[in-house]
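For reference, the structure discussed in these notes is given below.
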Amino acid sequence: MNKKWWKEGVVYQIYPRSFKDSNGDGIGDIRGIIEKLDYIKKLGANIIWLCPIYKSPNDDNGYDISNYRSIMDEFGTLDDFNELLVEMHKRDIKLVMDLVVNHTSDEHKWFVESRKSKDNPYRDYYIWRKGKDGNPPNNWGSFFSGSAWQYDENTDEYYLHLFSKKQPDLNWENEKLKSEVYNMMKFWFDKGIDGFRMDVINLISKVQGLPDGHKGDNDLYGNGFPLFANGPRVHEYLQEMNKKVLSKYDIMTVGETPGVNPETARLYVNEDRKELNMLFQFELMDIDSGSEKWDLKPWKLTTFKNIMYKWYEALKEQGWNSLFLNNHDQPRMVSRFGNDKKYRLESAKMLATLLHTWQGTPYIYQGEEIGMTNVEFDITEYKDIEIINMFNEKIAQGMKKEDLMKSIYAKGRDNARTPVQWDESENAGFTTGEPWIKVNPNYKEINIKSALEDKNSIFHYYQNLIKLRKEYDVIVYGDINLLYKNDENIFAYTRNLNDESILVILNFFEKEVEFKLPKEIEFKHYELLLSNYKVQDCGINNISLKPYEARVYKLQNS
Ligand code: NOJ
């Protein structure tokens with residue numbers, strides 16, 4: 001297996017708006033990040049993925065970019081950015097920026113020009129079509145509710161927006177647009193950044209003719225997803241991007257790719273194809289959804305394990321996995337897959353053990369390392385365009401508010417976007433002003449200051465996990481042997497590389513369970529490397545696991 005720095009590293013994801021405010025305007029900023037680099041260094045993460053910091057009117061918190069080469073006013077200036085990069089590199093931390101090129105803001109100068117007239121030189125940078133009998137060009141719905149098309153009176157045509165109407169989709173069939181994107185990428189690489197996380201990169205090629213999607217009887221819109229995800233020219237575009245830009249630098253890339261399966265994923269990450277290094281696939285994130293994201297469904301550990309193992313097998317020799325259980329679009333992992341009440345500490349550590357001992361690059365989302373939890377706000381207190389639009393659309397369809405609130409509590413993106421809880425002072429030490437979104441009321445109990453003071457904290461457990469990863473090659477590169485595939489309580493596996501072996505045993509629930517080491521696992525000596533409980537050494541053949549217990553052992557044959 002090819003050794004790479006981005007396989008061995010640990011990524012810390014920053015959502016700048018909610019990370020740390022340095023100037024009291026209630027919005028996190030670049031100088032706030034600079035202040036906290038030593039904290040990230042102390043945790044041990046050595047790569048930062050920074051969500052968009054470019055100029056933006058913030059319809060979707062920076063994922064609607066109006067200028068790719070300058071910084072959002074609230075976040076600071078290019079000078080601040082340059083300083084951030086220098087300070088990161090001084091600490092041996094790499095910087096991965098967000099690349100959002102499926103769409104821009106409608107306030108980007110390309111779009112401002114594009115909408116002026118049909119013969120404007122920028123017209124074709126976007127996807128414009130005539131309506132059909134007074135209706136949009138096709139029946140696709142947007143990810144943020146409503147139609148994916150917006151009518152523009154000025155030229156009597158519609159433009160496509162898979163996300164909000166302030167996020168028009170770019171037309172990748174236009175050669176000039178592609179070279180503008182490549183030049184913009186070079187601009188950031190030449191500043192010295194170390195990679196890109198590519199926003200919905202598998203949506204950039206749409207099926208020719210933009211036909212209607214399938215529409216069920218109760219659906220408001222047709223499902224365009226199969227027609228714009230993993231589209232006909234996406235690999236051609238990425239191979240070109242790789243050849244013209246990515247291959248010229250020692251960088252990492254991770255593509256955000258909703259709706260890939262193992263076969264389609266390999267086409268993006270197989271090293272021989274020269275496209276991307278890793279993907280974010282969302283099969284685990286869909287495990288508790290019924291017909292759609294907001295339709296809640298219980299999940300089973302066997303399904304969870306099968307998904308993890310399937311993706312390990314799919315990419316083990318032909319790519320690389322990224323490992324995450326939450327990010328800025330997902331609820332908090334301890335609330336979703338653990339227990340954010342009685343066993344918050346134990347379950348957060350148990351889940352972290354999985355992420356940091358499986359094969360792939362682990363991603364830590366800000367606040368995860370102290371076990372930050374979901375929130376339950378009043379509907380008027382939410383800020384996320386996805387939540388607000390969904391709520392309004394479904395209320396208009398006659399759905400009950402209390403049912404919708406349950407879904408928002410469980411799945412809403414704002415769960416992840418409440419400010420990082422730095423200490424027990426007002427606004428959790430995030431800002432001296434009025435925070436742009438409410439702070440989670442549990443900040444007096446859950447905050448970084450107290451985590452740093454407590455040897456037993458989730459933070460210190462993460463530190464230990466990251467240290468182990470640096471020490472043992474087998475944790476990064478070892479094969480996985482999944483034990484007890486069909487067990488509904490325990491997730492256990494060994495990792496093996498040459499003569500190194502690691503055994504990981506995780507109790508995923510509150511119930512105490514017995515673990516029996518399978519006979520085929522041979523070892524002469526064992527050593528406990530890490531656990532989230534104090535362990536009394538009674539051997540490892542039969543272990544009685546406490547609620548959410550996690551143990552990592554080293555096994556030796558000589
Ligand atoms: C995925 C991003 O992670 C999400 O936050 C954003 O709303 C959409 N892409 C659109 O850019």
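Both ligands and their constituent atoms are indexed starting at 1 by order of listing. Hydrogens, waters and symmetry mates play no part in the numbers below; they use all other heavy atoms, side chains included.
Trp49 places a side-chain heavy atom less than 4.5 Å from the side chain of Asp98. Side-chain contact check for Trp436 versus Ser18: some heavy-atom pair is nearer than 4.5 Å.
Residue-ligand proximity, Phe144 to ligand 1, at heavy-atom distances under 4.0 Å covers atoms 7 (O). Those atoms of ligand 1 that come under 4.0 Å of a heavy atom in Glu256, given as number and element, are 1 (C), 3 (O), 9 (N). The atoms of ligand 1 that sit less than 4.0 Å from any heavy atom of Asp329 are 1 (C), 2 (C), 3 (O), 4 (C), 5 (O). Of all the atoms in ligand 1, the ones that sit under 4.0 Å from a non-hydrogen atom of His103 are 10 (C), 11 (O). Within ligand 1, the atoms closer than 4.0 Å to a non-hydrogen atom of Arg197 are 2 (C), 3 (O), numbered from 1 in the order shown.
Remark: the backbone N or O of Arg332 is paired with a side-chain donor or acceptor of Asn374 at under 3.5 angstrom. No donor-acceptor distance shorter than 3.5 angstrom exists from the side chain of Glu107 to the backbone of Ser66, with no hydrogens or angles considered. With hydrogens and angles disregarded, no donor-acceptor distance shorter than 3.5 Å links the side chain of Asn415 to the backbone of Pro331.
For Arg417, the heavy-atom gap to ligand 1 drops under 4.0 angstrom. Distances from ligand 1 to the non-hydrogen atoms of Arg413 include at least one value under 4.0 Å.
The existence of a salt bridge linking Lys165 and Asp59 is excluded, since no basic side-chain nitrogen approaches an acidic carboxylate oxygen closer than 4.0 Å.
Closest protein heavy atom to atom 7 (O) of ligand 1: Asp60 OD2, 2.5 Å. Looking from atom 9 (N) of ligand 1 to the surrounding protein, the closest heavy atom is Asp199 OD1, 2.9 Å. Looking only at protein heavy atoms, the nearest one to atom 8 (C) of ligand 1 is Phe163 CE2, 3.7 Å.
Residues Tyr268 and His235 place their aromatic rings such that the two centres sit under 6.0 Å apart.
Using a 4.0 Å cut-off between heavy atoms, Glu386 makes no contact with ligand 1 at all.
In this structure, CD on Glu113 lies 12.0 Å from CZ on Arg123, to the nearest 0.5 angstrom.
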